[in-house]
J.: 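Pasting a structure below so you can have a look.
Chain letters run A, B, ... following the sequence lines, proteins first and then strands; every chain starts at 1. Keep in mind it's a predicted model, so treat the numbers as computed, not measured.
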Amino acid sequence: MRTFTLFPDAQERTDDQQKEREQAATAIVDALNPAQQEAVTAADGPVLIVAGPGSGKTRVLTHRVAYLIAAGKSAPYQILALTFTNKAAREMKSRIQKLVPEEAGARIWMGTFHSIFARVMRREAEKIGYSSDFSIYDSDDSERVVRELMNDKGIDTKQFSPRMIRSLISSAKNQMVGPSQYARLAASLPQDKAAEIYGPYEQVLRTANALDFDDLLLKPLQLFQEHEDVLAQYQDRWRYIHIDEYQDTNHAQYRLAKLLAGKHHNLCVVGDDAQSIYAFRGADIANILSFQRDYPDATVVRLEQNYRSTKTILRVADAIIKNNRDQLDKSLWTENADGEEVILIEGISEKDEALKLEHYIRDLKVRHGYGHRDFAILYRTNSQSRAIEDALRRGGIPYRVIGGISFYQRREIKDVLAYLRLIVNENDIASLRRVVNYPTRGIGAKSMQKIEAFASAQNIPLWQALRRVDETGVGPRAINAVNGFVNLIESFTERAKTEPVGPLTRDLIKDSGLLGEFRREHSTENLVRWENVQELVNAIAEYAASQGDEVRLSEFLQEVSLFTDADAGDDLEDRVTLMTLHASKGLEFACVFVTGLEEGLFPLARSLDDPRDLEEERRLFYVGVTRAEQRLFLTMARSRFRFGEQMAGIPSRFLDEVDAEVVRTEAGQHMQRRSDRFSANRGSAGGGSGRGSGRGAGSGGDWVEYETLDPDYYKASLRPPGSSGSRGSRSSTGSGGGFGRTGRDGQPKRAEPTGRRVVLDEGEGELRPGVLVEHDQFGSGKILAVDGTGQQAKATVDFDDYGRKKLVLRFARLRVLDA
DNA sequence: AATAACTTTCTTTTT
DNA sequence: GAAAGTTATT
């Protein structure tokens, strides 16, 4: 065991304390390999850790922070560690507290750039003219603002999508180009339109006292640039700064890091240029490539040993990344075993692909003892999850989907949040617009137009115009409605000053009419929505509890905006994980399926024009492949439903780039190269078309013949405890409790029918082909077909007088005629 | 002003 | 295969 001489400026301690600390520090360092040790114990000053996948870089960062704390570097200063997700921060923090338990009280600021600087803004907002109750606009909110502005200016939102305009504005902001400068630089038609919107957009956010995601970085930058004293204060607060996934920092983040580390230079960054996959949102790979130029005295450590994957998997990864030109040279190696060959799976359609995934998972689980949590299914676009979910659900395999529409992005949740935001911040125009006539209360577009005209004529905030609605010239009904709305919001603003937020939110949901909206129609969908809203109430109550009595609603709202699905993950449950390749960054799984390897999908069609985009896609593939510890599967479908129609799938060019030596097809052959890839595997894959006997039965020894097995053999893997499988998995982080709690809280008359779930499509079961039905308008007819379920259920009906029509059951109000 | 039903458009990845 | 936009009807 080695002992380290700890830093000379450590606090004064008794000899015993000093000894204890040195032992702790030694233990922290001894757990690592020499290269990692070097990274962890590097002297003060800039440190660049270039680390390949699976090299334990997050571990290194964790240990470095722990080591600094053990060495007494933290007190009285604090350590800042910026991670890529909030979840990563949480995990790192808890590991640090295990490594240096006696220092659990050490102040570590840990989180994403966005969450850390939202905190900074909460403290300093007034200094640059914002109030600390600012709202945070996510890209959805921003897009709405952009859309409205475009409508105001008569820009065709069909020709130029608000999303595109928003993202142009966002990248301008990221590069710190202001509206007037952007107008000068605009060189294309969309850019001209963006330039037209950019200034007003900034103005709207400003008057709304709102910050978008870009502002969360830019405003602190502005703060630091305008207030040297504030900068100095933060420079001294955070003497040691750590940044994980440095290759994915954007320009503003780069500047922030540079400013903050400007005084003490203790900036330690970890990254892998080969894993840079966020250029589309402004990440600049140059940040890591030029670190040594920015900090010539930097200690550079390379971590090239991989501890995660088998040699085979690494070989595939290496073959992939070699096709990229702009890459720092790294040679990855591992002492791990060769491991299993990589398997290439071909489905006849995306359904077949999904079915095969399900079969493989089942098979591996039974034959090799994997748990569900050992599997990850990765895809390029969120929409690909559907087919896979269907297959897993049918197979009774529990799963969770990360990303997609996260809980806080759901409409019903955003509606409630918009009310809360308005209560906190009456200038929040976007939230106001969202809820002013939802649920409908008679304040339609025309009335709002008049009120807005009045506001701009009088040069008063929109909210004030609402208060003076009787001067705006709208009709008496609208005046009444607006006054009701204003009173509603203001009474809650008043109550929010003294009352706890949990019950307050519950009352709000009732008084605003949202509750009535959910009850109005008893559909399964509304029930789910209502459950989600209950869950939100619980989340708020929970937050309130964790913060003690002093609850800041605005703070909760701000944090919620930065919360993502990936942060929520309860890893404890034994489920298969489904997510995009992007979301998989930093994670690892025993078995990984990279799916949808088809031209146009992965790589995505849009990336084909620009070689840099294509390289990013390739890095994405590299990231996906290197998530696997033991087994890797590459899958594709020969046809796929996209753009609403069936499209043929051509094997991805990426498949030509992997090392064919270590890849075999399901049939056990070595993968064939490009020249004949279009016919490759056709013989054996053809068998997959016969679904019933499918599962590659024809391919020989690879597959267990399910039919010949003891029927109980698979029982264990069927339908584990978790209830209705997937449905809840997106959003059901403990939803059950939600109802109970609200119900218990003691207003029996409001007791929602929690147990009795009235499913109002109850008639649906009777609507089968052949059944005679009657429609209010079309008269009688015969059902020809029914497709979709629940909300989406549609029936094709042949009406006696009107001919064939396709009706959405939700609206159609079909009555069954007795035969 | 609100609703129902039909039509169109668009689908990358996300802090 | 879903959302937003459009139109017709009350």
J.: Starting the side chain at C-beta, find the nucleotide from B:dT15, B:dT3, B:dT12 nearest to A:S139.
T.: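 Selected nucleotide: B:dT15.
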
J.: Identify, with sequence neighbours excluded, every residue that meets side-chain contact (heavy atoms from CB on, under 4.5 Å) alongside A:S170.
T.: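 Listed in chain order: A:R166, A:N174, A:D214.
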
J.: For A:D284, check side-chain hydrogen bond (donor to acceptor under 3.5 Å, both in side chains) against everything at least two apart and list the hits.
T.: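 For A:D284, no residue satisfies side-chain hydrogen bond (donor to acceptor under 3.5 Å, both in side chains) once neighbours in sequence are set aside.
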
J.: Round to the nearest Å and state the distance from A:D212 atom CG to B:dT15 atom P.
T.: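 Rounded to the whole Å, the gap is 15 Å.
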
J.: What does A:S447 touch in the nucleic acid at a heavy-atom separation under 4.0 angstrom: a base, only the sugar-phosphate, or nothing?
T.: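 A:S447: backbone/sugar contact only, no base atoms under 4.0 Å.
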
J.: Could you list the residues that satisfy side-chain contact (heavy atoms from CB on, under 4.5 Å) with A:T595, not counting sequence neighbours?
T.: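 side-chain contact (heavy atoms from CB on, under 4.5 Å) check on A:T595 returns A:E353, A:L357, A:I377, A:Y379, A:Q384, A:I388, A:F593, A:T635.
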
J.: How long is the line joining CD1 of A:I277 and P of B:dT13, in whole Å?
T.: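 My rounded result for the distance is 13 Å.
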
J.: Looking only at side-chain atoms of A:T112, point me to the closest of B:dT12, B:dT15, C:dG1.
T.: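 Selected nucleotide: B:dT15.
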
J.: Output yes when A:D141 and A:K414 qualify as a salt bridge under the 4.0 Å nitrogen-oxygen rule, no when they do not.
T.: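 Yes, charged N to carboxylate O under 4.0 Å.
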
J.: Which nucleotide sits closest to the side chain of A:R477: B:dT15, C:dA2, B:dA1?
T.: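 Per side-chain heavy atoms of A:R477, the pick is B:dA1.
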
J.: Expressed as a whole number of angstroms, how long is the span from A:R411:CZ to C:dA2:P?
T.: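 Between P of C:dA2 and CZ of A:R411: 15 Å.
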
J.: So with a 6.0 Å cut-off around CZ of A:R163, is the heavy-atom count from everything else above 12?
T.: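 At most 12 heavy atoms, drawn from other residues, nucleotides or ligands, come within 6.0 Å of this atom.
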
J.: Whole Å only: how far is the CD1 atom of A:I402 from the C1' atom of B:dT14?
T.: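 Checked: the CD1 to C1' distance equals 14 Å.
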
J.: So what does A:R147 touch, heavy atoms closer than 4.0 Å: a base, only the sugar-phosphate, or nothing?
T.: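 Sugar-phosphate, no base atom in range.
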
J.: Which part of the nucleic acid does A:N437 contact within heavy-atom distance under 4.0 Å: base, sugar-phosphate only, or nothing?
T.: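 Sugar-phosphate, no base atom in range.
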
J.: Going by side-chain contact (heavy atoms from CB on, under 4.5 Å), name the residues that satisfy it together with A:K450, two or more places apart in sequence or in a different chain.
T.: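 Once residues adjacent in sequence are excluded, the partners of A:K450 under the side-chain contact (heavy atoms from CB on, under 4.5 Å) criterion are A:V474.
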
J.: Does B:dT15 have OP1 or OP2 sitting under 4.0 Å from an N or O in the side chain of A:N86?
T.: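 False: A:N86 side-chain N/O out of range (4.0 Å or more) of B:dT15 OP1/OP2.
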
J.: A:M110 versus A:R90: any side-chain heavy-atom pair under 4.5 Å?
T.: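 Result no, sub-4.5 Å side-chain heavy-atom pair not found.
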
J.: What do the steps show when you test A:E412 against A:N532 for side chain to side chain donor-acceptor pair (under 3.5 Å), and what is the final call?
T.: CA-CA 8 Å; A:E412 62 272 22; A:N532 285 335; 2.8 Å; yes

J.: Could you tell me how far apart A:Y438 (OH) and C:dA4 (P) are, to the nearest whole angstrom?
T.: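 These atoms are roughly 13 Å apart.
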
J.: Taking 4.0 Å as the cut-off, does a side-chain nitrogen or oxygen of A:R281 come that near to OP1 or OP2 on B:dT12?
T.: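 No, outside the criterion.
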
J.: Measure the CZ-CG distance between A:R618 and A:N324 for me, rounded to the nearest 0.5 Å.
T.: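 Reported value, rounded in 0.5 Å steps: 5.0 Å.
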
J.: Within this structure, what is the CG-to-C1' distance between A:L620 and B:dT14, rounded to whole angstrom?
T.: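 One finds 12 Å between C1' of B:dT14 and CG of A:L620, rounded.
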
J.: Using whole Å, what does the distance between atom C1' of nucleotide B:dT14 and atom CG of A:L217 come to?
T.: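 The answer, rounded to whole Å, is 13 Å.
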
J.: Using the closest heavy atom to pick a nucleotide of DNA chain C for each, name whichever of A:D390 or A:R144 lands nearer the 5' end.
T.: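 Upstream on the strand: A:D390.
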
J.: Given B:dA1, B:dA2, B:dT13, identify the nucleotide with an atom nearest to the side chain of A:N382.
T.: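 Shortest atom-to-atom distance from the side chain points to B:dT13.
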
J.: Among B:dT15, B:dT12, B:dT14, which is the nearest nucleotide to the side chain of A:H114?
T.: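 Per side-chain heavy atoms of A:H114, the pick is B:dT15.
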
J.: Do any N or O atoms of the protein come closer than 3.5 Å to N or O atoms of nucleotides 7-11 of chain B, and which pairs are they?
T.:
from   : atom 1 : to     : atom 2 : distance (Å)
B:dC10 : OP1    : A:K158 : O      : 3.2
B:dT11 : O4     : A:F643 : N      : 3.4

J.: Find which nucleotide of DNA chain B each of A:T580 and A:A445 is nearest to by heavy atoms, and output the residue with the more 5' nucleotide.
T.: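 Between the two, 5'-proximity favours A:A445.
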
J.: Pairs counted only when both distances fall under 3.5 Å, Watson-Crick or G-U: show me the 5' to 3' dot-bracket for DNA chain B, [ ] for pseudoknotted crossings and | for other-strand partners.
T.: ||||||||||.....

J.: Flag the pair A:F84 / A:Y278 as yes when their ring centroid distance falls below 6.0 Å, and as no otherwise.
T.: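 So the answer is yes for these two rings.
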
J.: Categorize A:Y278 for me: base, sugar-phosphate, or nothing, with a 4.0 angstrom heavy-atom threshold over every strand shown.
T.: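 The answer is sugar-phosphate, as A:Y278 gets under 4.0 Å only of primed atoms, P, OP1 or OP2.
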
J.: Reading DNA chain B from 5' onward, which residue's closest nucleotide shows up sooner: A:D613 or A:Q409?
T.: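 First, find each residue's nearest nucleotide; the 5'-ward one identifies A:D613.
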
J.: Can you tell me how far P of B:dT12 sits from CG of A:D609, to the nearest Å?
T.: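 Rounded to whole Å, this separation is 14 Å.
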
J.: Of all the heavy-atom pairs spanning A:A118 and A:F134, show the shortest one and how long it is.
T.: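 Scanning both residues completely, I find the closest heavy atoms to be O-CZ, 3.9 Å.
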
J.: Return no unless some side-chain N or O of A:N174 is found under 4.0 Å from OP1 or OP2 of B:dT15.
T.: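 So the side chain of A:N174 is outside the cut-off, no N or O lying under 4.0 Å from OP1 or OP2 of B:dT15.
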
